[in-house]
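Down below is the structure, laid out as structure tokens.
For ligands, and for the atoms within them, numbers begin at 1 and follow the listed sequence.
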Amino acid sequence: MSVVSLSRNDDVAVITIDNPPVNALKHEVRAGLMDTLAQARDDAGVRAVVIACAGRTFVAGADITEFGKPRQPPSLSDVIALLESMPKPVVAAIHGTALGGGLELALGCHFRVAAPGSRLGLPEIKLGIVPGGGGTQRLPRLIGMEKAFPMILSGDPIDAKEALAAGLVDEIADGDLTAGAVAFARRAAEKGGALPRIRDGDDKLAALRADPKKFDDIVAANLKRTRGMHAPAKAVEVLRAAIEMPFDEGLQAERDAFSELVTGDQSKAQRHIFFAEREALKIPDLPRDIKPREINRAVVLGAGTMGGGISMCFANAGIPVTVIEASEEALDRGFGIIRRNYENTMKRGGLTQAEMDSRLGLFARTTDFDAVKDADIVIEAVFEEMDLKKEVFGKLDRIAKPQAVLATNTSYLNVDEIAQATKRPSSVLGMHFFSPANVMRLLEIVRGKETAPDVLATAIAVGRKIGKVPTVVGVCHGFVGNRMLRARAIEAERLLLEGALPHEVDGALTEFGLPMGPFQMGDLAGLDVSWRIRKATGLRAEVADTLCEAGRFGQKTGKGFYIYEGGSRTPIPDPEVEQIIVNASRRLGVTRRPIGKEEIVERLIFPMINEGARILEEGIALRPGDIDVIYVYGYGWPIWRGGPMFYADHIGLPYICDRLTEFAKNSGNKSLEPAPLLAQLAAEGRGFGSIGLTTKKVA
Ligand code: 3H9
């Protein structure tokens, strides 16, 4: 079966693309479009043409797996050039998502008809590239720069209604889409006259041409958080070209920018994450036909920071949620924060009053534990204490429905031990959210020894439903993310003792691209938490413990590794802390020396990679890509560096092994010696990518 076919609806030719799952524009599709368009053009009996798609969506973009490989003609630009030279009206019939090259294909058509609910966008920026099929030149000409700029810079799609209002689509077809598009095409043919080509229409850009400062204003209003990324600056450059250059020169500028970015390291890293995120959903031993349990009501135990954020995730996805707390005061406090969060989103324009009211309407609150009997899924978010968790799960076991999924949001504790507090350990697993839970996209799903396949499938399905990126991990202390972070924390403390200061360590990591370094993070989370854990396990961190002993618990006490003035969250280096650190070095007999940024980054990141290798050896994570997804979505690892394991391959494993060996020797810390898997891959000249699958898709 050909991926592109042509049929006739009387005098209208209907070209259908059928390339599941998302009708990506692979080579055969482009070639098929060229052939069928030429046929339709040359057939005197055809008065108009419709381009439609089979399956669940219109074309969702270029085929990303072709990027970085030798290009095979015809290109998307060739297809669009042919479209624009068509002497008969061509109508794109859009359903599902018209994204990237898919939208660019539609922009090459004379008209666009969309099904209600379809979404249209140029998400290339999320893959570290700019559109390469004329999107940056045609979209502003069609809908104006004010609307096109944020679409291209954010990569977020708009829905059919908004697209109609903006002039991006000409009609929304209720009922059968192809029939609607055929009728539209026939009307256009009957009407006759010149066919509209977006490339010819310049009036939407006239005001900007007359006053180029207006473009700078649009840039200033829309360019956010692009630190370290190449694609946004390039996008601005080619959008400026739309105003400053004739159409064809603008197209060339776009093509050059696309070619440069698509072969660059950042886009490779971002494509790796795109595929890794999807691969993470595939659990090899989970039968494909397994049916998740039905979820109509969630119960969240605890209305604290985590519980509140988690319950918001359910309400946001339209799932009724009951929050259970020990006291009315705790509920009042929790619900006060939930309401404030929604109000802030509303003030920023992210939510209407009606949407906020409907979300708040999905919450129920109670101090009666018996309410868990209505739950299809329970997420426990009480204090991190094993005895308390066991007691809670024992109670859950007695009251919850037999089919209920029982999840703990623990971030460290042994999920198998918690499961043993019930008589149904197969219904228990971990669902580890990241703070703030209503914002961070990662969901570590901790699969216990006895977790049933359908319980695991339910957690993955729920995770997707509530907009998270679920990644399945095994049971160990801290699971994947926090376990690797622990390896970093030990080295961060050592760096202080050897000569660095907190702002130097944090600064090196923020320059690397992370949102904050270990000491800012500690101050934010509260230093007393890990202090208590260390005390309980007989461990000591000389600097951090001394700070805690002085009552410096971080932001909440206004002082930690930094000082925070007047309730501000801005960390200010504190000479008192420097003195505490210098004294600690002296006490432990460590000679201080200046430490450069490069060493700081290596000392902090390489041990994490090493721990990642151990995690893979133990089967705690299924693939290196899963670890990368965890770090990008849970810890703000810069997506353009592709996650720690992808970054390791980029740096080269032999170098990392050599450095780790040196670190181990200098510190006497044996855990810094290269993990067997890391050493083996390095010796064989391989990378972590060779044991994952995304490398096959990212050239
Ligand atoms: C572009 O167009 C550049 C042009 O400007 C210039 C060119 C010259 N290619 O996400 P799902 C696979 S850049 C190849 O689970 P959903 C995906 O890996 C592109 N494969 O489905 C998965 O495979 P598997 C701009 C692709 O329903 C399967 O399809 N476009 C592509 O949750 C199902 O995907 C984009 O960035 C692709 N373009 O979501 C859109 N897309 O089953 C990217 C998907 O083996 N795609 N696959 O794991 C999406 O955002 C989502 O897939 C979509 C559907 C919303 C469409």
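Put simply, the side chain of I17 reaches to within 4.5 Å of the side chain of I51, judged on heavy atoms.
Side-chain atoms of R641 do not come within 3.5 Å of backbone N or O of Y647 as any donor-acceptor pair.
In summary, of the residues considered (D285, L286, I283), a side-chain contact (heavy atoms from CB on, under 4.5 Å) with P453 occurs for L286 alone. For the side chain to side chain donor-acceptor pair (under 3.5 Å) with Y633, the qualifying choice from R441, E277, K468 is E277, the only one to do so.
Summarising the geometry of S690 relative to L681, their closest heavy-atom pair is OG-CD2, 4.1 Å, with the distance given to 0.1 Å.
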Tabulating one pair per line, provide the atom names and distances (0.1 Å) for every N/O atom of ligand 1 that is less than 3.5 Å from a protein N/O atom.
residue, atom, partner, partner atom, Å
ligand 1, 2 (O), A62, N, 2.8
ligand 1, 2 (O), G101, N, 2.8
ligand 1, 5 (O), E104, OE1, 2.7
ligand 1, 5 (O), E124, OE2, 2.5
ligand 1, 5 (O), G132, N, 3.0
ligand 1, 9 (N), I64, N, 2.9
ligand 1, 10 (O), R278, NE, 2.6
ligand 1, 10 (O), R278, NH2, 3.1
ligand 1, 21 (O), R56, NH2, 2.9
ligand 1, 27 (O), R56, NH2, 2.9
ligand 1, 30 (N), A60, O, 2.8
ligand 1, 32 (O), R464, NH2, 3.4
ligand 1, 38 (N), A62, O, 2.8
ligand 1, 48 (O), K282, NZ, 2.4

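Looking at residues two or more places apart in sequence or on another chain, you find a ring pair (Phe, Tyr, Trp, His ring centres under 6.0 Å) between Y631 and Y635.
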